[in-house]
Number of protein chains: 2
Amino acid sequence: MQSALRSFKASIFQALAHPCRIAIVEALREGELSAGAIQERVGVEQANLSQHLAVLRSRQIIVNRKEGNQVFYSLRDPVLIEVLDIMRRYFQANLSQAIAMLEEVEAERQPQ
Amino acid sequence: MQSALRSFKASIFQALAHPCRIAIVEALREGELSAGAIQERVGVEQANLSQHLAVLRSRQIIVNRKEGNQVFYSLRDPVLIEVLDIMRRYFQANLSQAIAMLEEVEAERQPQ
DNA sequence: TGCGAATATTCGATAGATCGAATATACTAA
DNA sequence: TTAGTATATTCGATCTATCGAATATTCGCA
């Protein structure tokens, strides 16, 4: 049973394990937004955004509400904002290592 | 630059996006452990554990210290424990949905 | 009814993650 | 040196994620 709990946690982390989905969650910090408004802020293909929203929906991280033509999204539980804030502190507290790590990631992304 | 921060956060979440690695981090809650001791608690193949440790090391989530024959691991920054604790609260606050979600995941794992 | 806008889904290609098996490395002790 | 223990790395197979392109759905309005 405790391994089921870990699977649950892992699946939440997995849902957040993409820069685009983090941007979505951050965009929803202040309140609900339509899919189109999210797209403006995140700047990604419509279909791709919709896929990312589906990932977050499937983990119940966000919920949606339809109004006419549009679909409005919001965070189901704002505690995740807390997690992102802690991550920011974590990042700042370890800035030099984080930057080194990012450079490494960048270097791997564009070989030579 | 804000997108670099999101990549960083995403890479941390990605590192935690596996039940086995969550078990490792939880095992290190109380302090450092040798790789062998971690293996006992997590219950996974030696090579596989070592691969998971490598993932956590590459994100600087854990650090290691060699002593003779053994390698001792510990959390580099205990703030991650805070994150896991928040996740526990999140889980408890949303228990019914979480259980529904887990059942769904289970059902997909064993079709028919 | 039929068109256009907003959003979602499906598909196929590519890239990345995971695993066990085999092997390598590093250290200790005889 | 040799054997043994602890840990790490490499390899190849399989599974999962991501993306853009194409298409489907849903709704409001003329």
Side-chain angles (χ1 to χ4, degrees), chain A residues 3 6-7 10-24 27-28 32-59 61-74 104-111, chain B residues 3 6-7 10-24 27-28 32-59 61-74 104-111:
Chain A
S3 107
R6 285 196 201 102
S7 292
S11 78
I12 301 293
F13 285 129
Q14 202 276 332
L16 295 172
H18 194 287
C20 184
R21 294 196 290 269
I22 291 184
I24 292 171
L28 295 176
E32 75 172 10
L33 287 176
S34 70
I38 296 173
Q39 192 187 350
E40 265 180 43
R41 302 192 188 210
V42 174
V44 69
E45 277 287 316
Q46 184 272 323
N48 195 5
L49 174 75
S50 206
Q51 290 168 336
H52 285 304
L53 289 172
V55 171
L56 293 172
R57 248 187 297 130
S58 75
R59 309 303 155 81
I61 291 171
I62 59 178
V63 292
N64 60 345
R65 171 179 78 80
K66 299 189 185 186
E67 183 177 317
N69 223 0
Q70 293 175 290
V71 180
F72 288 88
Y73 283 94
S74 55
E104 203 176 319
V105 170
E106 279 308 304
E108 276 167 21
R109 194 170 294 165
Q110 316 161 358
Chain B
S3 108
R6 285 195 201 104
S7 292
S11 77
I12 300 293
F13 286 132
Q14 201 276 331
L16 296 172
H18 195 286
C20 184
R21 294 196 291 268
I22 290 184
I24 292 170
L28 295 176
E32 75 172 9
L33 289 175
S34 70
I38 296 173
Q39 193 187 349
E40 265 179 44
R41 303 192 187 208
V42 174
V44 70
E45 278 287 316
Q46 184 272 324
N48 195 4
L49 174 75
S50 207
Q51 289 167 335
H52 285 304
L53 289 172
V55 171
L56 293 171
R57 247 187 298 130
S58 76
R59 308 303 156 82
I61 291 170
I62 59 178
V63 293
N64 60 345
R65 170 179 79 79
K66 299 187 185 187
E67 183 177 320
N69 223 0
Q70 293 174 291
V71 180
F72 288 88
Y73 282 94
S74 54
E104 202 177 319
V105 170
E106 279 309 304
E108 277 168 20
R109 194 170 294 164
Q110 315 160 2

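Note on naming: letters A, B, ... go to the chains in the order of the sequence lines (proteins, then strands), and numbering restarts at 1 for each one. The figures that follow rest on heavy atoms only: side chains count, while hydrogens, waters and symmetry mates do not.
Between A/S34 atom OG and A/K66 atom NZ the span is 14.0 Å, to the nearest 0.5 Å. With rounding to the nearest 0.5 Å, the separation of CG in A/L33 from CD1 in A/I24 is 11.0 Å. If you take OG on B/S7 and CD1 on B/I12, they are separated by 11.5 Å, rounding to the nearest 0.5 Å. Interatomic distance, CD of B/E67 versus CZ of B/F72, reported as 5.0 Å (0.5 Å rounding). For the atom pair CZ (B/R21) and CZ (A/R6), the distance works out to 14.0 Å, reported to the nearest 0.5 Å.
Between B/E45 atom CD and D/dT7 atom P the separation is 15 Å, expressed in whole Å. Following rounding to the nearest Å, B/L49 (CG) and C/dA17 (C1') show an atom-to-atom distance of 17 Å. Straight-line distance from the NE2 atom of A/H18 to the P atom of C/dA17: 11 Å, rounded to whole Å. Separating the CG atom of A/L33 from the C1' atom of C/dA6 is a distance of 15 Å, rounded to the nearest angstrom. Taking atom CZ on B/R59 and atom P on C/dA17, their separation rounds to 7 Å, with Å as the unit. Separating the CD1 atom of A/I24 from the C1' atom of C/dA8 is a distance of 14 Å, rounded to the nearest angstrom. Nucleotide C/dT7 holds its P atom 13 Å from the CD1 atom of A/I62, rounded to whole Å. In this structure, B/L53 places its CG atom 13 Å from P of C/dT18, rounding to the nearest Å.
With C/dA8, C/dC19, C/dA17 as the choices, the nucleotide that has an atom nearest any side-chain atom of B/H52 turns out to be C/dC19. Nearest to the side-chain atoms of A/Q14 among the listed nucleotides D/dA17, C/dT18, C/dT7 stands D/dA17.
Residue A/Q70 places no side-chain N or O under 4.0 Å from the OP1 or OP2 atom of D/dC27. For the pair A/Y73 and C/dA6, the criterion of a side-chain N or O lying under 4.0 Å from OP1 or OP2 is not met.
For A/A15, the side chain to side chain contact (heavy atoms under 4.5 Å, CB included) partners are A/V55, A/L56, A/R59, A/I61, not counting sequence neighbours. A search for salt bridge (Lys or Arg N to Asp or Glu O under 4.0 Å) contacts involving A/R57 returns nothing, not counting sequence neighbours.
Nearest approach of A/Y73 to A/L28, heavy atoms of both residues: O-CD2, 3.4 Å.
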Distances under 3.5 Å between protein N/O atoms and the N/O atoms of nucleotides 9-13 of chain C, please, pair by pair.
residue : atom : partner : partner atom : Å
C/dT10  : O4   : A/Q51   : NE2          : 3.1

Give me the distances for all protein-to-nucleotides 28-30 of chain D N/O pairs that come in under 3.5 Å?
none

Side-chain polar contacts of residues 37-51 of chain A - donor-acceptor pairs under 3.5 angstrom, sequence neighbours left out - could you list them?
residue : atom : partner : partner atom : Å
A/Q39   : NE2  : A/V44   : O            : 3.2
A/N48   : OD1  : A/H52   : NE2          : 3.3

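Closest-nucleotide positions on DNA chain D for B/N64 and A/C20 were compared, and the one nearer the 5' end corresponds to B/N64.
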